[in-house]
Amino acid sequence: MSKHIVALTTGILFGIGLAISQMMNPEKVLAFLDVAGDWDPSLALVIGGAVGVTLLTFRRILRLPAPLFASRFEVPGTDAIDSSLLSGAVIFGIGWGLSGYCPGPAIASLTIGSAEPGIFILAFIVGNALAIRWQAIKDPSPATVAPD
Amino acid sequence: MENFTPYSSLLGGILLGISATLLLWMNGQIAGISGIFQGALKMGAPGRLWRIFFLTGLVLGGGVWWRITGASFTPRSDFPIPLLVIAGILGGFGSRIGNGCTSGHGVCGLGRTSGRSAASTVTFFSVAVATTFVARHLFGSML
């Protein structure tokens with residue numbers, strides 16, 4: 001119960017953060033990425049503010065024996081930089097730089113009156129499904145664990 | 001630089017960091033939206049319900065705030081649909097095989113000082129800048 005209230009509340013807070021910072025505005029995101037145009041550095045402050053907080057808090061939290069409402073921390077176990085990580089980041093970066101949408105802002109924008117976020121999210125689901133197929137072909141071992 | 005909004009951007013960013021902090025401290029989870037979204041879509045997956053709660057909050061928080069602040073920006077609605085579909089497919093494919101997106105690798109991974117997340121973040125930012133350059137300045141007249 002507490003876990004679900006925390007999830008709902010942190011989701012709301014995340015959505016408000018994306019709205020206040022205008023990460024939900026793809027024009028604003030592209031104005032940051034377009035360094036050769038009329039450059040708008042605002043997004044650097046969004047990332048700076050967010051990472052500034054997580055840098056202060058995450059390592060302290062991860063030294064605790066357990067989270068408040070769960071038995072353990074579910075953080076990625078590997079720190080390996082492999083080709084799948086990097087090719088994924090390249091492909092993701094093309095999609096982001098083309099449209100100005102990444103998944104969080106697109107989901108947060110589903111009700112603000114443009115069809116674009118919904119179309120992006122539907123296509124995102126298709127991309128996910130294709131990646132799962134591709135991973136199964138590339139590595140047919142049934143022990144493949146879905147990433148989080 | 002006339003559209004620079006330092007205060008609201010910094011404030012919004014800090015809220016993202018606080019949200020990610022609370023989710024890790026209380027529930028032990030990483031606020032990585034692509035991972036949460038994939039987990040929420042998977043029937044019968046453990047932890048599916050909290051992910052649905054988080055995403056519901058995301059839709060509510062973004063939508064309600066945008067409304068109560070008097071529609072602070074006009075949502076874009078004239079982007080070419082085929083390009084939007086291609087971008088969405090690439091986003092979904094890339095975040096799946098690269099294990100994360102702007103929030104998971106960017107906001108949370110950098111906070112954990114994960115080298116893996118730093119490599120991902122530097123890569124997708126650089127590629128996004130290059131893509132925007134190509135799309136706007138080399139093929140700009142076509143879009």
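Hydrogens, waters and symmetry mates play no part in the numbers below; they use all other heavy atoms, side chains included. Per chain, numbering begins at 1; letters A, B, ... match sequence-line order. Because the structure is predicted, anything quoted here is derived from the model rather than measured.
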Do you know which of [options] has the most heavy-atom pairs under 4.5 Å to chain B?
| options | answer |
| --- | --- |
| A/Ser21, A/Ala66, A/Gly48 | A/Ser21 |
| A/Ile119, A/Leu64, A/Val126, A/Ile121 | A/Ile119 |
| A/Ser114, A/Gly100, A/Pro117, A/Gly88 | A/Gly88 |

Of the non-hydrogen atoms in [X] and [Y], which two are nearest, and what is the gap between them?
| X | Y | answer |
| --- | --- | --- |
| A/Leu30 | B/Arg136 | CB-NH2, 3.5 Å |
| A/Thr54 | B/Val107 | OG1-O, 2.9 Å |
| B/Ile97 | A/Ala131 | CG2-CB, 4.0 Å |
| A/Lys28 | B/Thr5 | NZ-OG1, 2.9 Å |
| A/Leu55 | B/Thr113 | CD2-CG2, 3.7 Å |
| B/Ala119 | A/Ile81 | CB-CD1, 3.8 Å |

B/Leu24/A/Leu62 under side-chain contact (heavy atoms from CB on, under 4.5 Å): CA gap, chis, key distance, verdict | CA-CA 8 Å; B/Leu24 184 69; A/Leu62 291 171; 4.1 Å; yes
Parallel, tilted or perpendicular: rings of B/Phe53 and A/His4 (30°, 60°) | parallel
Do [X] and [Y] come close enough that some side-chain heavy atom pair is under 4.5 Å?
| X | Y | value |
| --- | --- | --- |
| A/Ser42 | B/Asn3 | no |
| B/Trp50 | A/Val6 | no |
| B/Leu110 | A/Phe58 | no |
| A/Ile94 | B/Ile86 | no |
| B/Ser103 | A/Phe14 | yes |
| A/Thr9 | B/Leu22 | no |
| A/Leu8 | B/Phe54 | no |
| A/Pro76 | B/Ile30 | yes |

Measuring heavy-atom distances to chain A, does B/Leu23 have an atom under 4.5 Å in its side chain, in its backbone, in both, or in neither?
->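 For B/Leu23, the contact with chain A is made by backbone and side chain together.
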Keeping the roles fixed (side chain from A/Glu116, backbone from B/Asp78), state whether a donor-acceptor pair exists under 3.5 Å.
->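 The answer is yes, because a donor-acceptor pair under 3.5 Å joins these two groups.
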With no hydrogens and no angle check, is any side-chain donor or acceptor of B/Gln38 less than 3.5 Å from a backbone partner on A/Asn128?
-> no
Report yes or no: do A/Asp34 and B/Thr132 form a side-chain donor-acceptor pair below 3.5 Å?
->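 No, no side-chain donor-acceptor contact under 3.5 Å.
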Knowing that exactly one of A/Ile16, A/Leu18, A/Ile12, A/Leu110 qualifies, which makes a side-chain contact (heavy atoms from CB on, under 4.5 Å) with B/Leu58?
-> A/Leu18
Under a 4.5 Å heavy-atom cut-off, does chain B meet the side chain of A/Leu130, its backbone, both or neither?
-> both
